[in-house]
Student: 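Next up is a structure, given as structure tokens.
The residues of the chain are indexed from 1 along the displayed sequence. This structure is a prediction, so every number in the text was calculated from the model and none was measured.
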Amino acid sequence: MIKFFRHIRQKQIMENRTGKYLKYAIGEIILVVIGILIALQINTWNENRKAKNEEIKILKALQADFMVSKDRIEGTIKSQSKVMRYSKTLINIHERQDKTEFHYYDTHLDSLTYLIGYGTSWHREELVTGAYNSLTSAGKIDLIQNENLRNLLAQFMADYELGFEDQENSMHLLQELNKETNHLFLKIAGSYFRDKFDYKPISIDSLAISESFFTNDSYFGNLFLKSFDEFNRLKRQEDMRNQIQSILDSIKQELGNE
């Protein structure tokens with residue numbers, strides 16, 4: 001009987017030890033799991049911090065490029081608006097057939113050279129896209145967290161890469177316009193240009209030159225057609241400037257949140 005109770009007591013002692021061991025083992029497992037979770041959290045935090053720092057660098061690079069692009073496109077818009085004003089001035093003189101205007105350019109041939117030169121010029125912006133191209137080629141566009149900004153960038157680049165539909169037609173019209181005026185430039189070159197290149201002064205009938213130019217229907221017909229292309233391209237470039245401003249505003253907001 002004594003042996004029987006002794007066996008029961010030893011069994012209880014062993015069970016108590018086993019329970020304590022199990023509790024200890026479970027505690028160890030919980031601590032290990034917590035340690036792993038903390039390590040994972042720290043690693044995730046570090047990765048997010050690195051990604052955020054890289055995003056900031058990307059945004060600043062994009063901001064620098066688009067600020068330059070904005071300046072360039074504004075310069076192009078300014079030059080192109082001037083082309084349209086000068087073209088309009090030439091066409092108005094042509095349509096009115098005003099002898100007083102002819103006489104003005106009879107004594108201001110340098111002004112006529114300037115008008116023709118600007119009236120038959122063509123401008124297009126060359127934007128800076130290096131940061132965006134590097135971003136997409138490296139497959140890092142998703143580092144930009146702001147979905148709206150990603151969409152603005154994608155839409156702008158798609159529009160820009162389409163090019164200008166009027167370019168081929170504009171180049172053709174420019175060739176035709178130059179054909180009509182190339183023979184004039186040596187005759188109407190002012191004394192400044194002649195002195196600069198050491199050309200001797202010549203005696204010309206400047207009034208006849210003005211009249212022959214302003215009554216050239218072929219030249220002004222082509223200039224009028226070119227004005228249509230200029231108008232449409234100017235509007236498109238103004239739209240692109242607005243897109244750039246929206247992108248810059250969005251980037252500024254993102255950087256301001258840091």
Student: Using the side-chain contact (heavy atoms from CB on, under 4.5 Å) rule, take Lys57 and Lys60 through it: C-alpha gap first, then chi angles, then the decisive distance, then the call.
Tutor: CA-CA 5 Å; Lys57 291 180 181 179; Lys60 288 182 176 179; 5.9 Å; no

Student: So if you build clusters from Ile, Leu, Val, Met, Phe, Trp, Tyr with side-chain heavy-atom gaps below 4.5 Å, do Leu173 and Tyr86 land together?
Tutor: no

Student: Does Glu176 offer a backbone N or O that forms a donor-acceptor pair with the side chain of Asn222 under 3.5 Å?
Tutor: no

Student: Keeping the roles fixed (side chain from Glu55, backbone from Gln145), state whether a donor-acceptor pair exists under 3.5 Å.
Tutor: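 Yes; judged by distance alone, with no hydrogens or angles, the pair exists.
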
Student: Between the side chain of Ser137 and the main-chain N/O of Ser134, is any donor-acceptor distance below 3.5 Å?
Tutor: yes

Student: Please name all residues satisfying side-chain contact (heavy atoms from CB on, under 4.5 Å) with Glu180, sequence neighbours left out, ordered by chain then number.
Tutor: Asn216, Ser218, Tyr219

Student: Measure the spacing between CG of Asn53 and CG of Leu143 and express it to the nearest 0.5 Å.
Tutor: 11.5 Å

Student: Shortest non-hydrogen contact from Phe213 to Leu90?
Tutor: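 Residues Phe213 and Leu90, closest heavy atoms: CE2-CD2, 3.9 Å.
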
Student: Kindly give the heavy-atom pair with the smallest separation between Ile251 and Leu59, and that separation in Å.
Tutor: CG2-O, 3.6 Å

Student: Is the closest side-chain heavy-atom distance between Lys226 and Val83 below 4.5 Å?
Tutor: yes

Student: Do Ile58 and Ile56 share a hydrophobic cluster (ILVMFWY, side-chain heavy atoms under 4.5 Å, transitive)?
Tutor: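 Ile58 clusters together with Ile56.
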
Student: Rounded at 0.5 Å granularity, tell me how far CG in Leu234 sits from CD in Glu238.
Tutor: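 CD of Glu238 is found 4.0 Å from CG of Leu234.
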
Student: Quick one: CG on Leu153 to CG on Leu62, what's the gap to the nearest 0.5 Å?
Tutor: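 The CG atom of Leu62 is 6.0 Å from CG of Leu153, to the nearest 0.5 Å.
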
Student: How long is the span from the CE atom in Met240 to the OG1 atom in Thr76, to the nearest 0.5 Å?
Tutor: 10.0 Å

Student: What residue among Glu230, Lys235, Arg236 forms side chain to side chain contact (heavy atoms under 4.5 Å, CB included) with Arg233?
Tutor: Glu230

Student: What's the shortest heavy-atom distance between Ser250 and Leu149, and which atoms?
Tutor: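 For Ser250 versus Leu149, the nearest heavy atoms are OG-CB, 3.5 Å.
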
Student: Is it the case that one hydrophobic cluster holds both Val68 and Ile73, taking links as side-chain heavy atoms less than 4.5 Å apart, direct or via other members?
Tutor: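 No, Val68 does not connect to Ile73 through the hydrophobic network.
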
Student: Evaluate side-chain contact (heavy atoms from CB on, under 4.5 Å) for Leu152 paired with Gln243, printing each intermediate quantity in order.
Tutor: CA-CA 8 Å; Leu152 287 173; Gln243 285 180 286; over 6 Å; no

Student: With rounding to the nearest 0.5 angstrom, report the CD1 to CG distance, Ile244 to Leu127.
Tutor: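 Between atom CD1 of Ile244 and atom CG of Leu127 there are 5.0 Å.
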
Student: Under the salt bridge (Lys or Arg N to Asp or Glu O under 4.0 Å) definition, can you give me all pairs with a residue in residues 135-150, not counting sequence neighbours?
Tutor: Glu54-Lys140

Student: Do Tyr132 and Phe156 have their ring centres less than 6.0 Å from each other?
Tutor: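 Ring centroids of Tyr132 and Phe156 are no less than 6.0 Å from each other.
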
Student: Can you name the nearest heavy-atom pair linking Phe214 to His94, along with the distance?
Tutor: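 Between these two residues, the closest heavy atoms are O-ND1, 2.7 Å.
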
Student: Taking atom CG of Leu177 and atom CG of Leu225, what is their separation to the nearest 0.5 Å?
Tutor: 9.0 Å

Student: Heavy-atom distance under 4.5 Å between the side chains of Asp65 and Thr129, does that happen here?
Tutor: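 No, too far: nothing below the 4.5 Å cut-off.
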
Student: Check whether the side chains of Gln245 and Asp249 place a donor and an acceptor atom closer than 3.5 Å, and report yes or no.
Tutor: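 Judged by distance alone, the side chains do pair up.
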
Student: So which atom in Ser87 and which in Ser227 form the shortest heavy-atom distance, rounded to 0.1 Å?
Tutor: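 That would be CB-OG, 4.0 Å.
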
Student: Give a yes or no on whether Lys88 atom NZ has more than 12 heavy-atom contacts from other residues, nucleotides or ligands under 6.0 Å away.
Tutor: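 Check fails, neighbour count at 12 or below.
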
